[in-house]
Amino acid sequence: MDRPSSGMKNRDLEGFGLFKLQLADLLNYNASIRLATIWNYPSAFRDSLRSGNADVGLSMVEKMVERGDITSDDISTLTDALRKCELNGVATEVEKIFGENSSQADLIQPETNRQSEDEKEAMRQCAEHDNALSTLLQATEELGRKLEVPTPTGSGMNTLTKHRRERKEVEQELLHLKSSSLESIDTTEAFIHENQPYLSALQHSETRNRIRQLRKSLDRLMELSRKQLEDLTDQLLKLRTESPPQVEAMEPIDLDCVTIEATDSNGKHQSIIDQLKQASDKGSPIPMLILDRTFATIHENGNINLSSGLILPFISTVAVLVVRTEEGRVLSEAEFSGLLKYGSKSTRIQEYSFQHCDLPSLAGTSSREVLKELRERGAKVEWVDTTHCLNTSSGFWEMDNIDEIRKLGALGVAMYRRWRKESHALQIKMLQFASENKIPVKHLRLDLCYRSVTPDGTKLILQSGQTLSALSSVKMINIVTEDGRKIPEVELSQLLMYADQSQNLKELRFQCCELPPTVSASTISSEMKSKNFKVSWRTTGHRLNLHDRTWGIDDMDTIRESCGYGVAIYKQCSSHMHKLQMRFLTVASQNNIPVKNLVLNRCYSSVTPDGTMLTLQSGQSLNALSTVKMINIATKDGRKIPEDEFSRLVMYADQSQIIKELSFQGCELPPTVSASTISSEMKSKNFKVSYFSTGHRLDLHDRTWRIDDMDTIRESCGYGVAIYKQCSSHMHKLQMRFLTVASQNNIPITLISLRDSYRAVDATTGSIILESGVMLPRVSSLGRLSIDASGRELTEEDVNGLMNYSRQCSKLNLFWCSLPKYLPVSLLQDPLISGKLKVLWYPDGPNKRCYTLDPSSGRWVE
């Protein structure tokens, strides 16, 4: 030994002094960090260990002596801690050298006895790990039996939809099982590595074999589930495309749990409504009614408007009403109160459950009546996303029982940007409670609600202004940002500091953002490296190598999962990021991994003459991919794509072996295409070319544009419709036809935005005249009308006509224009207009100065 520290003089190099030096040799970096963590040594000391500036072993020994964790006659605190860290071999060696160097050797068991005890303990723990793996294997066999039931072929829409829903439920079970299994496998492999000296070759082999069996079984079931869902989806799409729009002959619904799904056809919605009314009239109990992303609004008579445009009347025998909205939707107090009143019309209502939405409190006087009715009924109102229940006395939310928190933790927690500050506060309170009570949270998804991180990396700041301290029970954090947001190196380093303080965090995941090419060495702690912490960049299919701090392709499971969600490439991102995405997509294609959807968001530049390669605006090139299912090209507003370029883009897409759809947004396509563009193979596999901006699809036989199916129209209307000045009258006519069909079928249209395309309002018909001369007729199901009139002065007559056109809307937005200083009060007091229409004026464009029209004075109020 040639390295005694200042605290260990040469005269002490015998007995306990020599033991300390030998102990310092035994305690490597990993063991020292674990001990410092389990004993809660000061963070400054742990940081000094990580810095590598001092001898880790000697520093650790000196600190243990200082704190009394080892003395000349007792090392039991140390050996017990080593065994808690599953460092049994180190513990045995420590006892051996202590016995050799201490006068208290008679206090220690002989090495052979201790070795025997360590072997027994290791064998016992190995048996526990084996039993856990066997239980998981048995669970995969049970799910396998469910999946091996053959999927129906040649069945009707209702039967196929039912089987698809059942398969989706099995898929969710499978995903939960896979998550638990991978966690168990990681724990078992770490145990085997630490205790290899104590395990027999047979035990080691059998445990490894079980791990291989479990991995193989999970991969097989995931692939089987994927293929079955794809097959059922294909059959449903084929039926919806080929079948006439008449109401289908529906099978009787299961009244024990009735679900009205957004993916179901109007015909099925009508059939379910009819059967619910029949059951209600007969007094038949309906234990549960689920509105799965189908709640649109509350009708003026208190009934529910569904997303399909149909009305769901009062059902008097529902016991539990579940409202599951689109993720992140914000329900107003009127909508929330209206749903509670709707449910209270049932004589058997016991519970309400709200999921994926933001809810207000009902502490205002306007909600006293509904709260009183809920109290009298003893009905429970549950907000699943926050594990809170509504206090029907105060109208405020209170935390639910701990079992509900455990259930939500097992599924994961999502926080959304649009939610109220008070709602974020409830979720943070629940997450802190989970950490304090050691309740695992599978993942925390920050969906567009992350704003920044404090300079010291101790807190995340949300868009609502709420702050989130490090949480000890969260296993994965997924930060989803605005499309293409750049996170600089300093901010990424602070986020990694935040992650390092979360004891059980295993992964920090990023989506939709651009990360720096590398990070500084000081950012990655040795503890992160030792526990194999993962930093994944899902948008590019890469993960950060914690040793050389560069981005490398992620494992195949992660790539497969990322491709399952789809890949988006943004114009505003750098050439470096585009290059990583090209590499990721190439790896997926080479390994036959299906890519659900490839979105080129304003980044597409051109296509080669032979249709084999796309060029992005960053200069990067993308070869044709053999495993992409759908390509969505979103261009700059109103860009014209001529016929020859369109033909080459179709050729590019056709080179994928599994392509199903090529979709265009924000551009103008040619009225028709040449016969040579459409191959026989495209026709045989029902390849779809959709013109999303107009709600049309290309007929592959006569090569003309036809109205798309109702599901696509409903989806397009949900996003809103933009009408550009620079587009031709042909495109405007297609859009008018699409909007007319939507209105006739009562499909809600979120927004119509006239981008410098407004000319005037026709005084006779009340329709809007576009710059192309095409007429925009009145649309009964319109939510908002937005007028961009760059530099134009709109007259009183213009505003009068636009308000009359928008009388059924909630908002009329006027951008980039000049307006009269005031309007006649007589116009504003028209009950047909003043009922709910709010008129907003943004003279300098969105997110700038805003004025609201005061109906009592006719003036604009800032």
Side-chain angles (χ1 to χ4, degrees), residues 28-34 36-37 46-57 182 186 189-190 193-194 453 455-457 475-479 481 484-563 567 569 573-588 590-591 593 618 620:
N28 58 20
Y29 173 85
N30 187 34
S32 298
I33 288 293
R34 290 194 190 184
T37 302
R46 295 202 297 271
D47 290 341
S48 71
L49 294 180
R50 295 190 187 104
S51 69
N53 295 329
D55 188 307
V56 173
L182 292 178
D186 288 344
E189 287 180 334
H193 177 74
E194 296 287 353
V453 57
D456 59 357
K475 297 182 179 180
M476 189 267 281
I477 296 177
N478 186 4
I479 296 178
T481 70
R485 169 179 168 178
K486 285 182 170 60
I487 293 182
E489 184 180 339
V490 172
E491 186 176 356
L492 178 59
S493 298
Q494 292 163 348
L495 285 167
L496 291 174
M497 289 166 60
Y498 175 87
D500 199 23
Q501 296 172 64
S502 302
Q503 297 174 8
N504 293 304
L505 193 67
K506 295 183 177 180
E507 181 179 357
L508 181 60
R509 181 181 296 179
F510 294 90
Q511 284 181 256
C512 302
C513 57
E514 179 170 359
L515 300 178
T518 186
V519 294
S520 64
S522 59
T523 300
I524 312 296
S525 69
S526 301
E527 188 174 357
M528 276 186 169
K529 296 176 186 175
S530 67
K531 67 180 182 181
N532 198 28
F533 185 77
K534 183 175 181 180
V535 182
S536 64
W537 190 359
R538 284 303 176 96
T539 313
T540 66
H542 283 62
R543 67 184 294 176
L544 187 66
N545 184 315
L546 299 183
H547 298 282
D548 65 12
R549 307 182 309 284
T550 60
W551 296 100
I553 283 287
D554 216 328
D555 58 81
M556 286 300 115
D557 284 341
T558 303
I559 290 178
R560 194 172 287 110
E561 185 181 346
S562 297
C563 291
V567 180
I569 304 176
C573 292
S574 67
S575 177
H576 170 261
M577 180 172 170
H578 286 174
K579 187 176 181 180
L580 294 184
Q581 289 183 300
M582 301 307 102
R583 182 166 64 180
F584 158 53
L585 289 166
T586 302
V587 168
Q590 290 171 345
N591 288 272
I593 297 174
S618 63
Q620 293 292 332

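We use all heavy atoms of the structure for the numbers below, so side chains are in, but hydrogens, waters and symmetry mates are not. Quick note: residue numbers are just sequence positions, from 1.
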**Q.** side chain to side chain contact (heavy atoms under 4.5 Å, CB included) between I479 and L508, worked out
**A.** CA-CA 8 Å; I479 296 178; L508 181 60; 4.3 Å; yes

Q) Does the side chain of M582 come within less than 4.5 Å of I569's, by heavy atoms? A) yes

Q. Where the side chain of W537 meets the backbone of C513, is there a donor-acceptor pair that is under 3.5 Å apart?
A. yes

Q: Of all the heavy-atom pairs spanning P516 and P488, show the shortest one and how long it is.
A: CG-C, 4.2 Å

Q. What residues form a side-chain contact (heavy atoms from CB on, under 4.5 Å) with A31, not counting sequence neighbours?
A. L27, N28, L87

Q: Using the side chain to side chain contact (heavy atoms under 4.5 Å, CB included) rule, take L515 and L544 through it: C-alpha gap first, then chi angles, then the decisive distance, then the call.
A: CA-CA 10 Å; L515 300 178; L544 187 66; over 6 Å; no

**Q.** Between T539 and Q581: side-chain donor-acceptor atoms closer than 3.5 Å
**A.** no

Q) Taking S536 as the fixed residue, which of R543, E507, H542, Q511 is the one that meets the side-chain hydrogen bond (donor to acceptor under 3.5 Å, both in side chains) rule? A) E507

**Q.** Straight-line distance of I33 CD1 to K529 NZ, nearest 0.5 Å
**A.** 12.0 Å

Q) So, S32 side chain and G57 main chain: donor-acceptor pair closer than 3.5 Å or not? A) no

Q) In Å, rounded to the nearest 0.5 Å, how long is the span from CD of E514 to NZ of K486? A) 4.5 Å

Q. How many angstroms lie between OG in S574 and CD in Q620, if you round to the nearest 0.5 Å?
A. 9.0 Å

Q) How many angstroms lie between atom CG of D557 and atom CD1 of I593, to the nearest 0.5 angstrom? A) 9.0 Å

Q: Enter the distance from L505:CG to Y498:OH here, rounded to the nearest 0.5 Å.
A: 8.5 Å

Q: Could you tell me which residues satisfy salt bridge (charged side-chain N to carboxylate O under 4.0 Å, His left out) with K534, sequence neighbours excluded, listed by chain and number?
A: D554, D555

Q. Do E561 side-chain atoms and R538 backbone N/O form a donor-acceptor pair below 3.5 Å?
A. no

Q.
Just so I know, are the side chains of C573 and H578 near enough to count as touching, which here means a heavy-atom distance under 4.5 Å?
A. yes

Q: Taking S562 for its side chain and I559 for its backbone only, find out whether a donor-acceptor pair lies under 3.5 Å.
A: no

Q | Main-chain N/O of S520 paired with E489 side-chain donor or acceptor, under 3.5 Å | A | yes

Q. Given F510, which of T540, I477, N478, L492 fulfils the side chain to side chain contact (heavy atoms under 4.5 Å, CB included) condition?
A. L492

Q | Contact check, side chains of W551 and N545, non-hydrogen atoms, under 4.5 Å | A | no

(Q) I need the I524 CD1 to F533 CZ distance, nearest 0.5 Å. (A) 8.5 Å

Q) So do the side chains of V535 and M528 get within less than 4.5 Å of each other, counting heavy atoms only? A) no

